[in-house]
Asks: 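Okay, here's the structure, questions in a sec.
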Amino acid sequence: MSEEVSEEPDPERLAALEKRLSQLKKTEEAPKRAADGEFRMADMAWRMVIELVSGLGIGFGIGYGLDAVFGTQPFLMLIFVFLGLAAGVKVMLRSAADLTKAQAAAAAAGKEGK
């Protein structure tokens, strides 16, 4: 009644498992990229948000550090936070302008091809 349990894998079961896995991989679709390979709009929006927040964070860090060194607690921090905000908005607007130029160029290329 006691059967010995083998530590060796069953080759038939492994072959069946590999066959099932290969069938699943064939049916599973990879995520689709944008048709022209460019960033999608959501990716660009997140990039703009990150640029704005990083500008604020860098300005805050510089201002807080200078306030700690010179002992002028809120003064330099406020100035550099506003400078960081301005820099973040400038970079964000530049990214938006680049995106607009790329869309206009794609639209013009699409009209030329028709």
Asks: What pairs meet the salt bridge (Lys or Arg N to Asp or Glu O under 4.0 Å) rule with one or both residues in residues 79-90, with sequence neighbours excluded?
Replies: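 Of all non-adjacent pairs touching residues 79-90, none passes salt bridge (Lys or Arg N to Asp or Glu O under 4.0 Å).
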
Asks: Look up atom CE in M41 and atom CD in Q103, then write down how far apart they are to the nearest 0.5 Å.
Replies: 4.0 Å

Asks: Measuring from F60:CZ to L83:CG, what's the distance to the nearest 0.5 Å?
Replies: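 If I round to the nearest 0.5 Å, the distance is 14.5 Å.
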
Asks: Indicate, with yes or no, if M77 and L56 share a hydrophobic cluster defined by side-chain heavy-atom contacts under 4.5 Å among Ile, Leu, Val, Met, Phe, Trp and Tyr.
Replies: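 Result: yes, single cluster for both.
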
Asks: Out of curiosity, does M92 fall in the hydrophobic cluster containing I58 (side-chain heavy atoms, cut-off under 4.5 Å, transitive links)?
Replies: no

Asks: In Å, rounded to the nearest 0.5 Å, how long is the span from CG of L17 to CD of E12?
Replies: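 Here the interatomic distance stands at 13.5 Å.
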
Asks: Tell me whether L78 shares a hydrophobic cluster with F70, the cluster being built from Ile, Leu, Val, Met, Phe, Trp, Tyr side chains joined at under 4.5 Å.
Replies: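 No, because L78 and F70 fall into different hydrophobic clusters, even though each may have its own neighbours under 4.5 Å.
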
Asks: Locate the shortest heavy-atom distance separating F80 from L66; write the atom from each residue and the value.
Replies: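 It is CE1-CD1, 3.6 Å.
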
Asks: When rounded to the nearest 0.5 angstrom, what distance separates CG in L14 from CG in L21?
Replies: 10.5 Å

Asks: Can you name the side-chain contact (heavy atoms from CB on, under 4.5 Å) partners of V89, sequence neighbours left out?
Replies: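 Residues passing side-chain contact (heavy atoms from CB on, under 4.5 Å) with V89: L52, L85, L93.
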
Asks: Name all pairs fulfilling the salt bridge (Lys or Arg N to Asp or Glu O under 4.0 Å) condition that reach into residues 48-76, sequence neighbours left out, sorted by first residue then second.
Replies: R47-E51

Asks: Is there a path from I62 to F75 through hydrophobic residues (I, L, V, M, F, W, Y) whose side chains come within less than 4.5 Å of each other?
Replies: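 Result: yes, single cluster for both.
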
